[in-house]
Protein chains: 2
Amino acid sequence: MTSTIKDVAAHAGFSIATVSRAINAPHTVNPVTLAKVREAIDALKFRPSPLGRQLRGERTRLIGVVLPTLANPVFAECLQGIDELASAQGFRLMLMTTQYDAQRERHAIETLRAQRVEGLILTVADADTHPLLDELDADGPLYVLMHNDTKRRPSVSVDNHRAAFDGVRMLIAHGHRRILMLAGTLAASDRARQRHAGYAQAMQQAGLTPAPALEVDFNAEALAPSVLAHLSTGPARPTALFCSNDLLAMVVMRGLREARLRVPQDMSILGFDGLAMGELLAPPLASIGTPNGEIGRAAWQRLMARIGGDYAGASLGLALPHTLREGGTIAAIAGASLSEASGQRCMPDPTRA
Amino acid sequence: MTSTIKDVAAHAGFSIATVSRAINAPHTVNPVTLAKVREAIDALKFRPSPLGRQLRGERTRLIGVVLPTLANPVFAECLQGIDELASAQGFRLMLMTTQYDAQRERHAIETLRAQRVEGLILTVADADTHPLLDELDADGPLYVLMHNDTKRRPSVSVDNHRAAFDGVRMLIAHGHRRILMLAGTLAASDRARQRHAGYAQAMQQAGLTPAPALEVDFNAEALAPSVLAHLSTGPARPTALFCSNDLLAMVVMRGLREARLRVPQDMSILGFDGLAMGELLAPPLASIGTPNGEIGRAAWQRLMARIGGDYAGASLGLALPHTLREGGTIAAIAGASLSEASGQRCMPDPTRA
DNA sequence: CTGAAAGCGCTAACAT
DNA sequence: ATGTTAGCGCTTTCAG
């Protein structure tokens with residue numbers, strides 16, 4: 001395995017150029033020669049080193065992937081989707097995670113760039129205001145964003161605004177009037193912003209008053225007293241919570257249980273992400289679903305399109321359809337008209353596609 | 001960014017060798033020169049290409065990671081642990097997944113090897129009988145296994161036999177006598193075998209008869225009729241199920257619910273993995289926990305030790321301590337003595353450490 | 001159809 | 001302290 005093209009050439013009795021051709025353009029070499037070279041390759045268990053090729057300035061067949069974390073299955077699923085296509089097409093993946101940290105984002109991109117990746121698939125905290133992406137636009141490599149919901153850059157996501165809007169409308173159709181949105185500490189991300197905007201629009205459209213998102217500490221064992229106060233006190237307490245992601249929704253559900261609030265009788269819960277695991281909860285978690293594997297695969301295809309020179313079709317944001325999973329965590333409030341709830345079937349906004 | 005060491009040299013008015021030294025051994029160059037070179041580096045936004053270094057035969061600073069899948073949080077967590085240390089130490093990770101497929105395992109290892117990774121961290125289906133690992137032992141690169149529980153090779157895991165033994169003993173201490181083990185379709189893995197052996201030993205030691213593991217289709221929506229028949233019929237039906245992993249346990253819980261069997265009143269459930277998510281279920285899933293992040297980090301450290309030439313300490317299997325999470329999915333059977341349950345505190349077998 | 005040689009970006013002797 | 005040069009493994013003109 002430490003054998004090089006030189007060894008093969010010597011073993012076969014030809015020049016390294018012929019060996020190279022035998023590998024990369026078999027039809028240009030004499031069949032007899034070809035056979036001998038192949039024999040030598042087998043005998044020496046030779047595998048051409050990508051390093052040589054890469055250095056030679058050709059394609060490195062390397063794609064960088066930058067994700068916030070793998071602790072959230074959303075990203076693990078995306079990566080799974082990417083990996084599927086990548087390995088089928090003979091590309092290698094170089095992975096870096098950022099923990100939502102801007103400095104680590106910068107470092108990851110620089111490292112990958114230095115490694116001469118041919119393309120980059122990434123999820124950043126906030127795509128619109130990201131100077132690094134401007135740099136990438138300026139002098140490569142080509143990239144595609146995942147889950148960053150922006151019109152200004154090549155990306156694959158769902159329409160977060162619309163998705164949240166649909167979800168909250170569904171809560172309203174179930175008779176809820178006091179609906180609060182809960183967000184993780186990462187309220188600064190572009191998707192969190194857009195989900196809140198969707199929430200606000202749905203509320204206003206129904207003549208209700210949206211509230212700012214309430215920040216919840218993700219890693220805490222129980223819900224903070226200040227948060228609980230918002231949820232359980234008085235006649236004005238919310239009857240439904242829209243959580244900006246499923247992991248958060250699960251933590252909140254546990255917190256509520258510990259606070260002796262029943263889901264969904266005392267509080268309805270709507271998550272965002274559609275994690276498969278949510279369905280296994282009791283009651284099964286209602287959630288707005290994103291097709292993560294599909295997002296990963298679509299991001300890959302767009303990246304390949306861009307690398308192939310197809311800038312026109314692949315330069316803008318692509319919104320994949322979201323789904324609405326109506327689990328057991330949503331109760332209807334007495335007297336509500338449910339007629340409004342049906343008929344809204346989760347289409348992406350066509351102006352974004 | 002497409003600038004090379006040559007460009008910098010030209011810009012600064014020195015030779016490429018001086019530039020190289022300025023980067024790799026700053027103290028050996030004249031401070032004034034150094035300043036000029038650095039200025040040029042900044043001006044051109046030059047970052048040395050790892051490719052050149054790698055080809056030069058130095059360290060590639062590349063580590064390959066081979067995992068069955070990222071859909072199971074167990075592996076995502078391991079990867080997270082690895083990534084933590086890797087990025088802190090300036091290594092890059094190349095990731096490949098195998099979907100438990102032997103051919104893909106082979107392909108992944110060959111690809112990574114061709115890329116000249118300095119080391120490999122992997123989880124394979126069955127470590128003991130794996131010819132590829134013998135090849136790796138023979139001519140590198142160095143590797144460490146994760147979650148493969150074998151004495152014969154460098155690995156980091158828990159003591160699966162002992163862990164299953166502890167867990168099943170706990171079930172027995174709760175008064176259960178008819179305990180069945182359920183396994184995913186991957187019953188062929190080394191860990192599944194050892195978990196079953198642990199189950200069998202605990203049963204026998206209590207004078208009970210172990211049964212072969214019952215295979216369950218992971219991806220099915222509901223439990224197969226044939227499986228349900230095993231679980232729900234007659235007076236000899238099991239009162240407790242030991243599931244070979246948490247994902248399986250969750251699927252089984254849903255299946256039981258649909259079959260109108262209550263957990264834990266009608267059936268107790270014990271999982272394996274200790275996924276954080278299991279605690280959010282209702283009732284919270286009892287499970288044997290593996291410290292996945294820690295396993296990833298330990299694997300990294302062993303690999304680094306081996307690369308550093310420390311073969312003695314890092315060449316054998318390391319078993320990290322498992323934990324026993326007693327969730328709400330386990331009910332006591334009337335008349336059981338619980339005295340036996342306490343006192344067993346999840347230590348790894350000292351002969352393995 | 002095959003070989004010789006240049007060069008990708010870099011490091012490390014070896015010279016100066 | 002700095003420059004010159006060879007060479008890592010490979011692909012690709014350019015000659016034969």
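Residue numbers begin at 1 in each chain, while the letters A, B, ... track the order of the sequences.
- Residues that satisfy the side-chain contact (heavy atoms from CB on, under 4.5 Å) test with B/Arg56, not counting sequence neighbours, are B/Glu58.
- Using a 4.0 Å heavy-atom criterion, one finds that A/Leu55 contacts the bases of the nucleic acid, with or without backbone contacts as well.
- For A/Lys6 and D/dC8, the shortest distance from a side-chain N or O to OP1 or OP2 is below 4.0 Å.
- For A/Glu294, the salt bridge (Lys or Arg N to Asp or Glu O under 4.0 Å) criterion is met by A/Arg297, not counting sequence neighbours.
- When the side-chain contact (heavy atoms from CB on, under 4.5 Å) test is applied to B/Asp7, the partners found at least two apart in sequence or on another chain are B/Ser3, B/Thr4, B/Leu44.
- A rotation axis mapping the C1' atoms of four pairs onto the next four is fitted at both ends of the helix from C/dC1-D/dG16 to C/dT16-D/dA1 over five pairs, and the angle between these axes is 50° to 10 degrees.
- Contact annotation: A/Ser49 side-chain N/O to D/dC8 OP1/OP2 distance is not under 4.0 Å.
- In this structure B/Leu122 satisfies the side-chain contact (heavy atoms from CB on, under 4.5 Å) test together with B/Val66, B/Ile109, B/Leu120, B/Val124, B/Leu133, B/Tyr143, B/Leu145, sequence neighbours excluded.
- Between the CD1 atom of A/Ile41 and the P atom of D/dG9 there is a distance of 16 Å, given to the nearest Å.
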For residues 26-33 of chain B, dump all side-chain donor-acceptor pairs below 3.5 Å to protein atoms at least two apart in sequence or in another chain.
| unit_1 | atom_1 | unit_2 | atom_2 | d |
| --- | --- | --- | --- | --- |
| B/Thr28 | OG1 | B/Ala25 | O | 2.8 |
| B/Asn30 | OD1 | B/Val32 | N | 2.7 |

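- Under the rule for a salt bridge (Lys or Arg N to Asp or Glu O under 4.0 Å), the partners of B/Arg106 that lie at least two apart in sequence or sit in another chain are B/Glu110, B/Glu135.
- Remark: A/Arg92 engages no residue in a salt bridge (Lys or Arg N to Asp or Glu O under 4.0 Å) (not counting sequence neighbours).
- Between B/Leu51 and A/Thr18, the residue anchored nearer the 5' end of DNA chain C, judged by the nucleotide with its closest heavy atom, is A/Thr18.
- Taking 4.0 Å as the cutoff to heavy atoms of chain B, we find the contact window on DNA chain C bounded by C/dC8 to C/dA13.
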Sugar-phosphate means primed atoms, P, OP1 and OP2; the rest is base. With that split, encode nucleotides 11-16 of chain D 5' to 3' as B, S or - using protein heavy atoms under 4.0 Å. BBB---

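- Shown here are the side-chain contact (heavy atoms from CB on, under 4.5 Å) partners of B/Ala71, two or more places apart in sequence or in another chain: B/Thr69.
- With values rounded to the nearest 0.5 angstrom, A/Met96 atom CE is found 7.5 Å from A/Arg104 atom CZ.
- Residues satisfying the salt bridge (Lys or Arg N to Asp or Glu O under 4.0 Å) criterion with B/Arg153, sequence neighbours excluded, are B/Asp134, B/Asp137.
- Salt-bridge annotation for B/Arg193 and B/Asp149: absent, with no side-chain N of the basic residue lying under 4.0 Å from a carboxylate O of the acidic one.
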